[in-house]
Number of protein chains: 2
Amino acid sequence: MRNAEFNRESVLRAAMTAFTNKGFSKTSMQDLTKATGLHPGSIYCAFNNKKGLLMAAIEQYQQDKSDKFKQFFTTQDSPLTNLEHYLDYIVNECASCDPTRACLASKSLSELGEHDADVLAVINAHFACWQHNIETVIADAKQANEITSTDTNEQLAQYLIMGIFGLRTFAYTQPQVEKLQPLAKRLLKGLQQ
Amino acid sequence: MRNAEFNRESVLRAAMTAFTNKGFSKTSMQDLTKATGLHPGSIYCAFNNKKGLLMAAIEQYQQDKSDKFKQFFTTQDSPLTNLEHYLDYIVNECASCDPTRACLASKSLSELGEHDADVLAVINAHFACWQHNIETVIADAKQANEITSTDTNEQLAQYLIMGIFGLRTFAYTQPQVEKLQPLAKRLLKGLQQ
DNA sequence: GTTGTTTTTGAATGTTCATTCAAAAATGGT
DNA sequence: ACCATTTTTGAATGAACATTCAAAAACAAC
C-alpha cells in the first residue's frame, strides 16, 4: 500500500483553472502537468485520462460553488437581501478580468455536452445541485412573504438560473458593471411577478 | 483570370453547420473538406486558414439570422405580437434536436472569444447587429404603447438578449418545450416593468 | 487557339498531442 | 527490517492534425 503524495483538492482546483482558461480541447496534457505539478503517469493513474480529470474537476467545482452559495444564505438578513448580495457578487465576478470568472460547467457543457454523455452527467448533477439550493432560498423568501408569486419554486429557480446563464454570456461581450448591474436588478424584479 | 467554382454561401453554410456541431477545435480540416466539398488547398486559397473559414462562416451566420429576424417583424401584427412569435420560434428551436439549434456565435465566443481578438471582433459585430435590430423593434413597441418602460431601448434590448442567451444555455440541460415556454413568457413580461 | 492567370487537387510535411509503459522510488503492514 | 503494493517518473509511441506545395486543370481575354 501507498497513498498518493499530492493533495487531491488543490490538484483539481489547478485543473479547474486550466480548463476554465482554455477550454478542454485547447488545454494540453502539458498544460495540465504544469498546472497540477503531476507527471502524466500520475494523472492517468489517478483520473484515468484527460476527460476523467475534467470530470473530477467539475465535481470539485460543484462542491466549491455550493459551499460558496451557502455562505451567502446563512446570514441574519432576509432571503431576498441575500439574493441581492449574491447577484451583486456574480455581477462583479462577471465584470472582473479573472479568468475564473467563466463558469467551468457552462463552458464544458457548450464544448462537450452534446457529444459526451459522461461529461454531460457530471454537468447536469452540478446544475441540479445549484437549482436545488436556489429552490430552498425561494421557499424561504416565500415564507418571509418576500416573494408572492404563485409559480412553483422549481419554475422560479429555473428562471433565475436562466438569467444567470444569460448574464454570464452577455458579460463575455459587454463586461461593464454598469451594464450588468441593471440587468441583474431587472432579473430580480422578474421573480416577483 | 478564373472564377472560383464553388458557391460561397453554400460552402459557408456547410462550414457553419460543421462548426456548430462539434465546435472549432474538434472540427478537423477533414470534416470541413467533407462538409464543404472543397479540397484543403481551395479552403486555404479562399479563406486563408481554418480560423478564416470560421470567421467567414460567422459573418454568413449574422446575415442569415438578421434576415430571419426581419421576417418576423415585417408583418401586419403589432410589435409585441411579433416578439411573442419570435420567442416561440426560439423556444422551439432550442427544444428541437437539430444540431443547428445552438448559436454558432455564442459557441465560438465561449470557445475562442477570450483568446482570439479577430474572432471576437466578428462575434461582437454579429451581436451588435442583433441588438440594433431588437432596439428598432422595441422603439416600435413603445410607439404603439405596448411597452411603457422608461428604460432606454438599449437597456431593454440588452435584457432580451441576455434572456435569450440564458434560454439557449438552459435548453442544453433541460430542452423540454414545457419548461422553456414559461421562461420565455416571464422574459417577455420582464420587458414591461 | 493561344496565353496568362487562377483555382483545384491531394499527397507530403512536420508538429503537436494524448496515452503508454517499464523502471525506480516510496510507503504501509507486519 | 522486509515484503507487497502502489505511485512516480519521464521518455517513447503512434495517431491526428493544420498547413504547404507543386503539378494539373480550368477558365477568361484576346
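Proteins get letters first, then strands, A, B, ... in listed order; numbering begins at 1 in each.
- Aromatic rings from A:F127 and A:F165 are positioned such that their centres are separated by under 6.0 Å.
- The B:P40 side chain lies nearest to C:dA11 when the options are C:dA11, D:dA18, C:dT19.
- Side-chain contact, A:S28 with A:D31: a donor N or O sits under 3.5 Å from an acceptor N or O.
- Proximity of B:H39 to the phosphate of C:dT8: no side-chain N or O atom is located under 4.0 Å from OP1 or OP2.
- Regarding A:Y44, its OH atom lies at a distance of 17 Å from the P atom of D:dA11, rounded to whole Å.
- At a threshold of 4.0 angstrom between heavy atoms, the contacts of B:T33 with the nucleic acid are absent.
- Of the candidates D:dT7, C:dC17, D:dT19, the closest approach to any side-chain atom of A:C45 belongs to D:dT7.
- Set against C:dT19, D:dT8, C:dT8, the side chain of A:F6 has D:dT8 as its closest nucleotide.
- One interatomic measurement links the two molecules: CD of B:Q30 to P of D:dA16, which rounds to 9 Å at whole-angstrom precision.
- At the heavy-atom level, B:S42 lies under 4.0 Å from base atoms of the strands shown.
- The distance between atom CG of B:N49 and atom P of C:dT15, rounded to the nearest whole Å, is 19 Å.
- Residues B:F19 and B:F24 bring their aromatic ring centres within 6.0 Å.
- What you find for B:F72 and B:H85 is that their closest heavy atoms are CE2-O, 3.7 Å.
- In this structure, B:F47 atom CZ and C:dT8 atom C1' are separated by 14 Å, rounded to whole Å.
- Summary of the strand contacts: B:L38 and A:T27 both lie near DNA chain C, and taking for each the nucleotide with the nearest heavy atom, the more 5' one is attributed to B:L38.
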